[in-house]
Every structure is written in structure tokens, then in C-alpha cells.
Number of protein chains: 2
Amino acid sequence: MITIGQLARYVGVSIKTIRVYHDKGLLPEPDRDASGYRRYGANDAIALIKIRTLAEAGVPLARIRDLRSATDEEYQQALREIDQDLTARIRGLRATQGRLRQLAAGHLAPLPAEVGPYLEDLARWGFTPRWVDLQRDLWVLVFATHPDRATALFRDQSGMLADPALRQLFLDHAHDLDADDPRIDTLARRITEATRQRYGAGELPQLDAESEIPALIQGTVNASSPAWRRLDALIRAGLGA
Amino acid sequence: MITIGQLARYVGVSIKTIRVYHDKGLLPEPDRDASGYRRYGANDAIALIKIRTLAEAGVPLARIRDLRSATDEEYQQALREIDQDLTARIRGLRATQGRLRQLAAGHLAPLPAEVGPYLEDLARWGFTPRWVDLQRDLWVLVFATHPDRATALFRDQSGMLADPALRQLFLDHAHDLDADDPRIDTLARRITEATRQRYGAGELPQLDAESEIPALIQGTVNASSPAWRRLDALIRAGLGA
DNA sequence: ACTTGCCCTGCCCCAAGGGCAGGGTTGAAC
DNA sequence: GTTCAACCCTGCCCTTGGGGCAGGGCAAGT
């Protein structure tokens with residue numbers, strides 16, 4: 001008959017763990033020897049190994065306790081569920097690992113294939129790396145929260161910047177302009193015209209939804225400069241929103 | 001600017017979780033609106049997504065907080081460590097799943113290949129299923145706790161039962177015999193003789209070690225019948241231990 | 001007789017939130 | 001005008017699976 005410390009070493013578990021299992025009714029308290037020490041037999045070791053197998057699989061101790069009084073049928077069913085749960089958790093961890101690697105590579109999350117070239121274009125056209133990174137994160141947010149509308153919004157945006165004249169205006173003027181520079185009015189007019197051309201008289205996708213995310217993003221972009229804030233207001237007014 | 005509930009829904013997390021991240025300094029407290037509600041921007045959402053990616057990878061929140069003030073070098077290094085840790089955890093879970101399936105199949109743990117046929121032989125020779133199961137669990141214990149000596153002990157034991165005469169004695173007599181049946185003496189003599197033959201005058205592997213596990217197992221077996229208890233004592237005496 | 005290494009119980013502590021109480025806000029419906 | 005549901009706020013206690021410590025009792029070698 002071995003002591004609690006020996007049992008703990010054999011099974012690879014702490015003494016405290018065994019005592020907890022006694023307290024919670026997972027493993028019955030064994031008889032004590034003359035000096036009050038717990039004395040264990042081989043059957044206790046076997047029971048403890050079984051308990052650990054389940055506990056390491058993530059089964060709550062209370063559930064393990066209940067399984068002690070389950071029929072064989074219930075027990076097998078429980079084991080099947082635990083197995084499936086384990087499979088799901090392994091899959092989840094692998095997905096997490098994938099996201100982690102995206103994070104390590106500087107990407108917040110994978111984006112649709114068409115966004116990558118657009119971001120590279122931005123860099124090539126002279127937007128600052130800081131700005132490109134912000135754009136990437138914002139698009140992550142849009143694709144994560146509004147997968148249905150994100151693609152349309154993205155094509156709209158990238159189509160706009162595909163026009164070299166508009167692009168040049170963005171690049172040259174908007175960023176470090178005074179808020180009352182008259183060229184902002186010109187820029188706003190050109191953008192409203194281009195937008196009207198794209199959508200005709202129909203509704204404008206950015207403005208019809210009550211969703212907050214596009215507004216949130218516009219706010220973040222606006223926060224970078226008073227000039228952009230005024231530009232946004234002018235465009236909004238020009239489109240009659 | 002969105003509220004805490006909207007942010008929580010977008011990122012797929014509970015409101016409480018966000019508040020906890022504020023309390024622990026993971027995510028800075030945003031400004032409040034006129035009625036004291038927290039108001040979040042897109043950058044908060046981006047930061048929260050990053051935090052969740054790490055938290056789901058099992059990184060403690062305190063560590064995530066510290067990473068906020070790490071250099072890029074440290075950050076990349078930390079991500080590599082987390083990735084490796086994740087790989088290890090996935091491997092561990094797969095191993096656990098394997099052990100779980102052994103458990104579902106009625107085995108406590110995988111045993112060396114040679115043990116399986118031996119257990120099947122036991123069943124074929126007429127030992128009760130209950131007894132065979134006990135034997136399997138006991139061997140699991142021996143192989144788990146004394147991998148170095150388990151194989152020798154096992155070959156010794158299985159060799160003994162390979163002798164049909166000895167086997168028959170075990171089977172017919174020992175189990176439901178009175179403790180003072182004279183045939184036990186005969187049986188003990190035959191076993192000591194066979195053991196001496198096997199090992200000559202050298203040391204006997206079962207008895208030399210101070211390890212408790214073999215004694216534990218012998219005790220468990222003895223507990224099943226007074227006759228076996230006496231048989232064990234006779235063998236011990238006969239071998240001069 | 002001392003020391004070292006076990007063992008005992010009872011207590012408080014941790015992370016990562018969950019849940020509830022008690023109270024204020026907002027917006028829409030009646 | 002009020003009432004209702006759906007939000008938000010803070011503060012507090014609860015949970016799981018143990019870890020760790022205090023304060024004390026055995027065991028065994030030297």
C-alpha cells in the first residue's frame with residue numbers, strides 16, 4: 001500500500017490534485033494507516049489514471065464525477081462526445097494558429113485576394129506606409145463585420161482611386177491642406193460627380209444603411225486631418241444625404 | 001463612434017470581456033459620451049481583434065498587456081514562442097485523444113504488442129473476463145511506472161503460464177480453495193521449483209528491488225482470495241526472501 | 001537528540017470571466 | 001406623456017482547477 005506522494009509520482013500528478021479529487025468525490029478516500037496517512041492500492045492508481053485521461057481531455061471534474069455512476073451505455077456515449085469536442089478544439093487551435101501567423105506577418109486577418117494588389121498599388125502611388133497599414137486594418141474590419149457589403153464598398157473605393165486624376169488630388173492636396181483651402185471644394189465637386197456617374201440617380205451604398213461601421217471608418221479617416229473632415233462634409237452635402 | 005455592445009458583437013466577444021480588458025490595461029479606456037457610455041472607434045476594434053487572437057492562442061492577459069510595450073523585435077520573438085507553444089498543445093491534445101480512444105475501447109492505455117496475445121491467451125485458457133481485465137490494468141500500471149523492468153517481469157509471468165501444468169493448477173485450484181487446503185503447498189512447491197529453474201541461483205528480479213509497485217500488485221491479487229495470500233507467503237518463504 | 005522528508009488540515013490566492021443587483025439612458029410605441 | 005424594451009454603468013460575489021503556505025504530526029537515519 002503506497003502513500004499519496006508515491007501515487008502522485010507514479011501517475012504524474014501533484015499531491016494536491018489527488019486531494020482535490022477526493023474532496024470533489026472523483027476518487028474515493030482510501031483507508032488511513034495508523035498515523036492517519038492515506039494508503040492507496042493498485043486499483044486507486046488505475047482509477048486515477050482514468051480520471052486524468054478525462055481531465056486532460058478537458059472534461060470538467062463535476063462531469064467526471066457524474067460519469068462514475070453512469071451506465072455503460074451513457075459512458076460510451078459521453079466518451080464519443082468528448083472525442084468530438086476534442087476534435088473541434090484541435091481544429092479551433094489550428095485556426096487560431098493560422099490567424100496568429102497572419103498577425104506575425106503584419107496582417108490582422110486574411111483579406112480577399114483582390115485587396116492585396118490594391119494595397120500594393122497604394123504604396124506604389126506614393127501613399128505613406130502608415131496610411132496603407134491603416135487602410136488594411138480598416139478593410140479587415142469592414143470584411144469582418146459586413147461580409148455581404150464589403151466587396152461592393154471595396155470595389156467602389158478602389159475604382160475611385162483607379163482614376164489617376166482623382167488619385168492625384170487625394171495624394172497631393174487632401175492630406176496636409178488647410179481646412180479652408182478652396183481646392184477642397186474643387187476636389188469635393190469632382191468626387192461627387194464621379195460618384196454620381198458610378199451610381200446614376202439610384203441610392204448610394206455607403207449612405208443607405210444604418211450600419212455604423214462605415215461611419216466609424218469615415219470618422220477614423222477624418223480624424224487624421226481637418227481638411228478631410230471638411231471634404232467629407234462637402235461630399236455628403238453634394239450627394240444630398 | 002459605436003457602443004460597447006456593438007463592438008462586442010462585431011468582434012464576437014462579450015461586453016464583460018471588453019470591460020475586463022479595460023480593467024487589466026489591455027485595451028485603453030475610450031472616451032465617454034454625454035451620458036457616460038464608452039464610445040469606440042475603428043482603431044479600438046482593430047486593437048481588440050489583435051488581443052483576441054492572442055488570448056485565443058492561450059496567452060495570459062498579463063502577458064498580452066506587457067506585449068503592448070514591447071519592441072518589434074520582442075514582439076516577433078514572442079509570437080514565435082506562442083506559435084511553438086500552440087503546436088505543442090495541439091500535439092498534446094492529439095495524444096490525449098488517442099488515450100481517450102484506448103479508454104473507450106476498454107483499455108487503460110496502450111500496452112506493448114506482446115501483452116495483447118497474452119491477455120487473449122488468458123481468456124482462451126478459461127480465466128474469467130473480470131480477471132483478465134484486472135491483469136491488463138495491472139500491467140498498464142507496471143509498464144507506466146517501471147518501463148525498464150516491466151518487460152522482464154512480464155516475460156517471467158507469461159513464461160510461467162505458458163507451462164500447461166502450472167497453468168492448470170492456477171486455474172483449477174487457487175481461486176476458490178480454502179486457505180488451508182493441502183494442495184496449495186504442492187502448488188507453491190511447483191512454482192518455487194519452476195522459478196528456481198528459470199533464474200538458477202541468481203537474484204530474483206521481483207524481490208530485489210525496493211520498489212513498491214510489484215508489492216502493490218501482489219497485494220491486489222492476494223486480496224481476491226485468502227488461498228492466494230497463503231500461496232504468496234509460501235512462495236516467498238520457499239525462495240528464501 | 002537532531003534532521004530531513006513525508007504527511008495532515010485549513011486557509012487564502014490566482015485567471016478569465018459569468019451573473020446579478022441597483023440604477024441611469026435612449027428610442028420607439030401607445 | 002408615459003411606458004416599455006433594450007441598452008449602458010459600477011460594484012460585488014461566484015466559478016474551476018488547482019498552487020502555496022501555515023502550523024502541526026509521523027518516520028527514519030545519524
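Here is how names work: the chains are called A, B, and so on, in the same order as the sequence lines, proteins then strands, and each is numbered from 1. No experiment lies behind these values; they were computed from the predicted model shown.
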Exercise. With heavy atoms under 4.0 Å as the rule, sort A:R52 into base, sugar-phosphate or nothing.
Key: sugar-phosphate
Original post:
Base, sugar-phosphate, or nothing for A:R63, non-hydrogen atoms under 4.0 angstrom?
Top reply: nothing
Assess whether a salt bridge exists between B:D23 and B:R19, defined as any Lys/Arg side-chain N lying under 4.0 Å from an Asp/Glu carboxylate O.
no
Picking from D:dA27, C:dA16, C:dT9, the nucleotide nearest the side-chain atoms of A:R38 would be C:dT9
Looking only at D:dC26, D:dG19, C:dG17, the nucleotide nearest the A:K16 side chain is D:dG19
Check this one for me: any side-chain N or O of B:Y21 less than 4.0 Å away from OP1 or OP2 of C:dG17? yes
Can a side-chain donor-acceptor contact be found between A:R99 and A:Q102 if the only test is distance below 3.5 angstrom? no
Exactly one of A:V59, A:L54, A:L67 clears side-chain contact (heavy atoms from CB on, under 4.5 Å) with A:L79, and that residue is A:L54
* Looking at every strand, decide which applies to A:R9 at a 4.0 Å heavy-atom threshold: base, sugar-phosphate, or nothing. => nothing
### Task
Kindly assign one of parallel, tilted or perpendicular to the pair A:W139 and A:F154, based on the angle between their ring planes and the thresholds 30° and 60°.
perpendicular
Testing C:dG18, C:dC7, D:dT16 for proximity to the side chain of A:K24, the answer is D:dT16
Whichever of A:D33 and A:V59 has the more 5' nearest nucleotide on DNA chain D, that residue is A:V59
For the residue pair B:Q77 / B:E73, report whether a side-chain donor-acceptor contact shorter than 3.5 Å exists.
no
Answer with yes or no whether B:Y37 presents, from its side chain, a donor or acceptor under 3.5 Å of a partner atom in the base of C:dG24.
yes
Q. Looking for any heavy atom pair under 4.0 Å, which part of the strands does B:R32 touch: base, sugar-phosphate only, or nothing?
A. sugar-phosphate
For A:S35 and D:dG25, is the shortest distance between a side-chain N/O and OP1 or OP2 below 4.0 Å? no
Out of C:dA16, C:dT9, D:dG19, minimum distance to the side chain of B:L61 belongs to C:dA16
To the nearest angstrom, the CD-P distance between A:E56 and D:dT16 comes to 20 Å
A:L7 CG to C:dC7 C1', in whole Å, measures 14 Å
A:M1 CE to C:dC7 P, in whole Å, measures 15 Å
Whole-Å distance, B:I15 CD1 to D:dA6 P, equals 14 Å
| message | Does D:dG19 have OP1 or OP2 under 4.0 Å away from a side-chain N or O of A:S14? | response | yes
Against the side chain of B:T3, the closest entry in D:dC8, D:dG18, C:dG18 is D:dC8
Whole-Å distance, A:I18 CD1 to D:dG17 P, equals 17 Å
From CD1 of A:I4 across to P of D:dG18 the rounded distance in Å is 14 Å
Ranking B:T17 and A:R19 by the position along DNA chain C of their nearest nucleotide, the one closer to 5' is A:R19
